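The structure appears right after this line, and notes come after that.
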Amino acid sequence: MYEAIQANKDTWWVGVNDHETDLFESLWPLPQGVAYNAYLVNGTNAAAAIDTVKGPWLDEYINKLTQALNGRALNYLVINHMEPDHAGLIAQLKTKWPALKFIGNAKTMPLLKGYHGIEDDIITVKDGDTLDLGGHILKFATVPMLHWPESMVTFDASTGVLFSNDSFGGFGAHEGGIFDDEKNKSRWEDEMLRYYAAIVAKYSNMVQGALRKLGTLEIKNIFPSHGTLFREDIKQVINLYDKWSRQEGEQGAVVVYGSMYGNTRRMAEAVCAGLSGAKIKDVRLYDVSRADISCILRDIWRYKALALLACTYNTVLFPPMDALCSKLLNRTPKNKFLGIAGSYSWSKGALTALQVFAEKIKLAKIDPEIEVFTSPTPEDLQKCFELGLNLGEAIS
């Protein structure tokens, strides 16, 4: 994808694929890479770029942008989001096109100054403001906390294209086509949900507000800043965001365990057996020490039931499980059923910590609570089976 791709009338994709970054935001693994989508709208009177890309891809981005401009100057840069993976090349654009004007909302401008030292040639917009490029009227709408305070989207009223910023985005570089009608849904949906759970989930209430605001627009295409571009079926992705932000989980369960020597793992397997006994077919078992935490979060967001089982480590909750609990408290999942169990040898601690977590997270807790000394007895494993059975019945 070394050339600009026409995405709609007078509208070009000028983004790049990143197969080199291992960790998105230095946190989230990228086994399939990631795309930084950027766009150009060529009006009859002026041309506007929608966001840039991450800094290391300067040459590729400028080459595509120049190709799409076809000899014209770039007049405007619309800054939907100031995070450096979308705004990394702002200063370089100003050097290449000195008359360039920057468009953002009031919360954009301090970040523009902080990151790039730019205070001149700025146009501050608010909800409902428009920019006429000639044949293309861009309309701006703020979507604060999706997922920074200054986040906004840009709607081309002439084509029905919503440049949606990080909303509706996903992990994964483009493999061949960039559009939804060029890919299997299974290829992009998991990575979109993993992105949502890792990046957006904390702001699910704000997603609902944004969906209501955007519902007033006649949207025909959704072009996000990461992942697949939607032109064939925008309802599928809007419905997914609605479901995920409402936290309407599917019938299934995630069982996560932290175990040093395998004893707590055996307890977790008994919980899974109980879930199967309750006819729950979608069960995901994760070792919290080894599984990618973004995959765990993704499936916790997907399913209705969650079981957390951990050993005690130096009188406290096993550290990888503690890290998962912290991330869950930050994201405040709802409408789920929770089961907990702990184990210990010379000192208790894990179950108490999980009980404190359960009180804070405010999910519907399912009995029995289980605490195992050293290794589980047959009676202990039976209790774990009962916990899985009860969780399964709760979501059936």
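Just so it is clear, the structure is predicted and the values come from calculations on it, not from any experiment.
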Report, one line per pair, each donor and acceptor closer than 3.5 Å where one atom sits in a side chain of residues 195-202; sequence neighbours left out.
| residue | atom | partner | partner atom | Å |
| --- | --- | --- | --- | --- |
| Tyr195 | OH | Asp166 | OD1 | 3.1 |
| Tyr196 | OH | Ser204 | OG | 2.7 |
| Lys202 | NZ | Asn330 | O | 3.4 |

Pairs of donor and acceptor atoms involving the side chains of residues 139-146, under 3.5 Å and at least two apart or interchain, shall be tabulated with distances.
| residue | atom | partner | partner atom | Å |
| --- | --- | --- | --- | --- |
| Thr142 | OG1 | Asp127 | OD1 | 3.1 |
| Thr142 | OG1 | Asp127 | OD2 | 3.0 |

In the structure I gave you, are the side-chain heavy atoms of Val41 and Val161 within less than 4.5 Å of one another anywhere?
no
Should Asp242 and Gln208 count as side-chain neighbours, where that means a heavy-atom distance under 4.5 Å?
yes
Any side-chain to backbone donor/acceptor pair from Asn165 onto Ser167? Under 3.5 Å, distance only.
no
State, yes or no, whether a side-chain contact exists between Asp156 and Tyr39 at a heavy-atom distance under 4.5 Å.
no
Taking Val207 as the starting point, is it possible to reach Val153 by hopping between hydrophobic residues whose side chains are less than 4.5 Å apart?
yes
Nearest heavy-atom pair of Ser259 and Asn263: which atoms, and what distance?
OG-N, 3.5 Å
Kindly work out whether a path of hydrophobic side-chain contacts (I/L/V/M/F/W/Y, heavy atoms less than 4.5 Å apart) joins Leu133 to Leu69.
no
Which one of Ile361, Val254, Ile300 satisfies the side-chain contact (heavy atoms from CB on, under 4.5 Å) criterion with Lys336?
Ile300
Over 12 non-hydrogen atoms of neighbours within 6.0 angstrom of NZ in Lys334
no
Under a 3.5 Å cutoff, is there a donor and acceptor pairing between the side chains of Asp292 and Ser294?
yes
Leu74 reachable from Phe163 in the ILVMFWY side-chain graph, under 4.5 Å edges:
no
Quick check: do Ile293 and Trp28 have side-chain heavy atoms less than 4.5 Å from each other?
yes
So OG1 of Thr264 and OH of Tyr257: to nearest 0.5 Å the spacing works out to 9.5 Å
Does Tyr344 sit in a hydrophobic cluster with other residues, and if so which ones, taking ILVMFWY side chains as linked at heavy-atom separations under 4.5 Å, directly or through other members?
Phe373
Can you pull the salt bridge (Lys or Arg N to Asp or Glu O under 4.0 Å) pairs that have at least one residue in residues 84-109, sequence neighbours excluded?
Lys94-Asp121
Counting C-beta onward and ignoring hydrogens, is there a side-chain heavy-atom pair between Phe171 and His226 closer than 4.5 Å?
no
Show every donor-acceptor pair shorter than 3.5 Å between a side-chain atom in residues 1-12 and any protein atom, with sequence neighbours excluded, or say none if there are none.
| residue | atom | partner | partner atom | Å |
| --- | --- | --- | --- | --- |
| Gln6 | NE2 | Asn8 | O | 3.3 |
| Asn8 | ND2 | Asn221 | OD1 | 2.7 |
| Asp10 | OD2 | His136 | NE2 | 2.8 |
| Thr11 | OG1 | Lys9 | O | 2.9 |

Minimum heavy-atom separation for Ala358 and Leu338, please, with both atom names.
CB-CD2, 3.8 Å
To the nearest 0.5 angstrom, please state how far the OG1 atom of Thr130 sits from the CZ atom of Phe155.
12.5 Å
Pairwise distance OG1(Thr124) to CE(Met109) - rounded to 0.5 angstrom
3.5 Å
Considering non-hydrogen atoms only, spot the tightest contact between Asn75 and Ala47 and give its length.
OD1-N, 2.8 Å
According to side chain to side chain contact (heavy atoms under 4.5 Å, CB included), who are the partners of Ala291, at least two apart in sequence or on a separate chain?
Tyr286, Ile296
Just wondering, more than 12 heavy atoms not from Glu218 lying within 6.0 Å of its CD?
no
Partners of Thr374 by side chain to side chain donor-acceptor pair (under 3.5 Å), sequence neighbours excluded?
none
Non-hydrogen atoms of Ile280 and Ala253 that approach each other most closely
CG2-N, 4.4 Å
Could you go through residues 303-327 and list every donor-acceptor pair under 3.5 Å that involves a side-chain atom there, pairing it with any protein atom two or more places apart or in another chain?
| residue | atom | partner | partner atom | Å |
| --- | --- | --- | --- | --- |
| Tyr303 | OH | Arg284 | NH2 | 3.1 |
| Thr312 | OG1 | Ser343 | O | 2.8 |
| Thr312 | OG1 | Ala350 | N | 2.9 |

Check whether any side-chain heavy atom of Gln92 sits under 4.5 Å from a side-chain heavy atom of Ile62, and report yes or no.
no
Do the side chains of Ile238 and Ile222 get nearer than 4.5 Å, heavy atoms only?
yes
Same apolar cluster (I L V M F W Y, side chains within < 4.5 Å links), Val125/Ile118:
no
First locate atom OH of Tyr36, then atom CD of Glu83, and finally report the distance between them rounded to the nearest 0.5 Å.
10.0 Å
With no hydrogens and no angle check, do the side chains of Asn63 and Thr66 hold a donor and an acceptor under 3.5 Å apart?
no
Within a strict 4.5 Å, meaning less than it, do heavy atoms of the Phe223 and Ile50 side chains meet?
no
Please assess His86 against Trp148 for the test ring-ring contact (aromatic ring centres under 6.0 Å, His included), listing each intermediate value before the final yes or no.
CA-CA 12 Å; His86 306 300; Trp148 278 20; 9.3 Å; no
Can you pull the salt bridge (Lys or Arg N to Asp or Glu O under 4.0 Å) pairs that have at least one residue in residues 43-72, sequence neighbours excluded?
Glu60-Lys64
Is any side-chain N of the basic residue among Lys113 and Glu119 closer than 4.0 Å to the acidic one's carboxylate O?
yes
Donor-acceptor contacts, no H, no angles, side chain residues 227-236, under 3.5 Å, sequence neighbours left out:
| residue | atom | partner | partner atom | Å |
| --- | --- | --- | --- | --- |
| Thr228 | OG1 | Lys183 | NZ | 3.1 |
| Arg231 | NE | Asp181 | OD1 | 3.2 |
| Arg231 | NE | Asp181 | OD2 | 3.0 |
| Arg231 | NH2 | Asp181 | OD1 | 3.3 |
| Arg231 | NH2 | Asp181 | OD2 | 3.4 |
| Asp233 | OD1 | Lys235 | N | 3.2 |
| Asp233 | OD1 | Gln236 | N | 3.3 |
| Gln236 | NE2 | Asp180 | OD2 | 3.2 |
| Gln236 | NE2 | Asp233 | O | 3.2 |

When you look at Glu150 and Asn80, which way does the side-chain hydrogen bond (donor to acceptor under 3.5 Å, both in side chains) test go after all the steps?
CA-CA 8 Å; Glu150 92 303 352; Asn80 277 338; over 6 Å; no
Looking at every heavy atom in both Asp18 and Thr21, which two are closest together, and how far apart are they?
OD2-OG1, 2.5 Å
Please determine which of Lys360, Glu369, Glu371 meets the side chain to side chain donor-acceptor pair (under 3.5 Å) test together with Gln355.
Glu369
So, are Lys243 and Glu250 salt-bridged, with charged N and O less than 4.0 Å apart?
yes
Distance from Tyr241 atom OH to Arg246 atom CZ, nearest 0.5 Å?
15.5 Å
Quick one: side chains of residues 387-396, donor-acceptor pairs under 3.5 Å with protein atoms, not counting sequence neighbours, listed by atom name and distance.
| residue | atom | partner | partner atom | Å |
| --- | --- | --- | --- | --- |
| Asn390 | ND2 | Asp367 | O | 2.9 |
| Asn390 | ND2 | Glu386 | O | 3.3 |
| Ser396 | OG | Gly392 | O | 2.6 |

How long is the gap from CD1 on Ile79 to CG on Leu112, to the nearest 0.5 Å?
4.5 Å
Minimum heavy-atom distance Leu285-Cys272, with the two atoms named
CD1-SG, 3.8 Å
Residue pairs passing the side chain to side chain donor-acceptor pair (under 3.5 Å) test with at least one member in residues 265-281, sequence neighbours excluded, are Arg265-Glu269
